[in-house]
Amino acid sequence: MDAAQQEATARARELQRNWYGEPLGALFRKLIDDLGLNQARLAAALGLSAPMLSQLMSGQRAKIGNPAVVQRVQLLQELAAQVADGSVSAAEATDRMDEIKKSQGGSVLSNTTATTSSSGAPTVKRVVREIQSLLRSVAAAGDIIDAADTLAPTHPELAEFLRVYGAGRTADAVAHYQSHQS
């Protein structure tokens, strides 16, 4: 790899860090490890070709162009966290990956048929997951915790919100959400 290619790759990885919280190579390797996948299965779950996944991982390409793929990445990250904390079994994770693979992306809350209760209102869990997805699309969990620590002395409630929704478990965020409803 010549100097220009190295510079372009470094620039792409920096853009990925800004857009996705970390370079996609690191992010995808975590998903592969946490969910017990190989690159081909991850590419299939995301709806990417194997060469495209490879280009994103190596920094030959900076951006995921399809918003549905970006959402699938976020859903897989959430699933990996649930597998890690034991709230989802390996068998359930396999079923959920199949669902994620079929998802069309877009805003979770805008898809009213899949996100509403029988009364027509979005479910609390769906609202919480949308908040979590939004926060996690802006920054990595470690950065969110750092921001919360910075805010804690002067804005403890905001710091708690960042910790619970940005880096916490969905069940804890649901409990927080419900405790703050009038």
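Small disclaimer: the values here were computed from a predicted structure and weren't measured.
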Counterpart residues, side chain to side chain donor-acceptor pair (under 3.5 Å), relative to Asp85 (two or more places apart): Ser87, Arg169
Qualifying residues under side chain to side chain donor-acceptor pair (under 3.5 Å), relative to Thr9, sequence neighbours excluded: none
Test side chain to side chain contact (heavy atoms under 4.5 Å, CB included) applied to Ala93 - qualifying residues, sequence neighbours left out: Leu79, Val83, Val88
From CA spacing to verdict: side-chain contact (heavy atoms from CB on, under 4.5 Å), Phe28, Leu46: CA-CA 10 Å; Phe28 290 153; Leu46 292 173; 3.8 Å; yes
Those residues that, when tested against Asp2, pass side chain to side chain contact (heavy atoms under 4.5 Å, CB included) (two or more places apart): Ala4, Gln5
Partner set under side chain to side chain contact (heavy atoms under 4.5 Å, CB included) for Asn38, not counting sequence neighbours: Ala40, Arg41
Interatomic spacing from OG1 in Thr170 to CD in Gln132 - rounded to 0.5 Å: 3.5 Å
Atom pair OH/CG of Tyr165 and Leu134 - distance to nearest 0.5 Å: 12.5 Å
Distance (rounded to the nearest 0.5 Å) between Leu42 CG and Leu35 CG: 8.0 Å
Please table the atom pairs, donor to acceptor, closer than 3.5 Å between any side-chain atom in residues 138-163 and protein atoms at least two apart or in another chain.
| from | atom 1 | to | atom 2 | distance (Å) |
| --- | --- | --- | --- | --- |
| Asp149 | OD1 | Arg163 | NH2 | 2.8 |
| Thr150 | OG1 | Asp146 | O | 3.0 |

Pairs involving residues 11-27, ordered by first then second residue, that meet salt bridge (charged side-chain N to carboxylate O under 4.0 Å, His left out) (sequence neighbours left out): Glu7-Arg11, Glu14-Arg17, Glu22-Lys30
Under 3.5 Å donor-acceptor, His176 side chain and Asp172 backbone: no
From CG (Leu135) to CD (Glu130), nearest 0.5 Å: 10.5 Å
Val128 versus Ala173, closest heavy-atom pair with distance: CG1-CB, 3.3 Å
Single-linkage hydrophobic cluster, 4.5 Å side-chain cutoff, Val127 and Val174 together: yes
Gln16 to Leu24 - nearest heavy-atom pair and separation: OE1-N, 2.9 Å
Sequence-distant partners of Glu78, side chain to side chain donor-acceptor pair (under 3.5 Å), two or more places apart: Arg129
Side-chain donor/acceptor pairs under 3.5 Å, residues 50-65, sequence neighbours excluded:
| from | atom 1 | to | atom 2 | distance (Å) |
| --- | --- | --- | --- | --- |
| Gln55 | OE1 | Arg61 | NE | 3.0 |
| Ser58 | OG | Ser54 | O | 3.1 |
| Ser58 | OG | Gln55 | O | 3.3 |
| Ser58 | OG | Gln60 | N | 3.4 |

From CG (Asp34) to CG (Leu76), nearest 0.5 Å: 11.0 Å
Approximate separation, where rounding is to 0.5 Å, of Leu75 CG and Lys101 NZ: 15.0 Å
Side chain to side chain donor-acceptor pair (under 3.5 Å) involving Glu92 - partner list, sequence neighbours excluded: Ser89
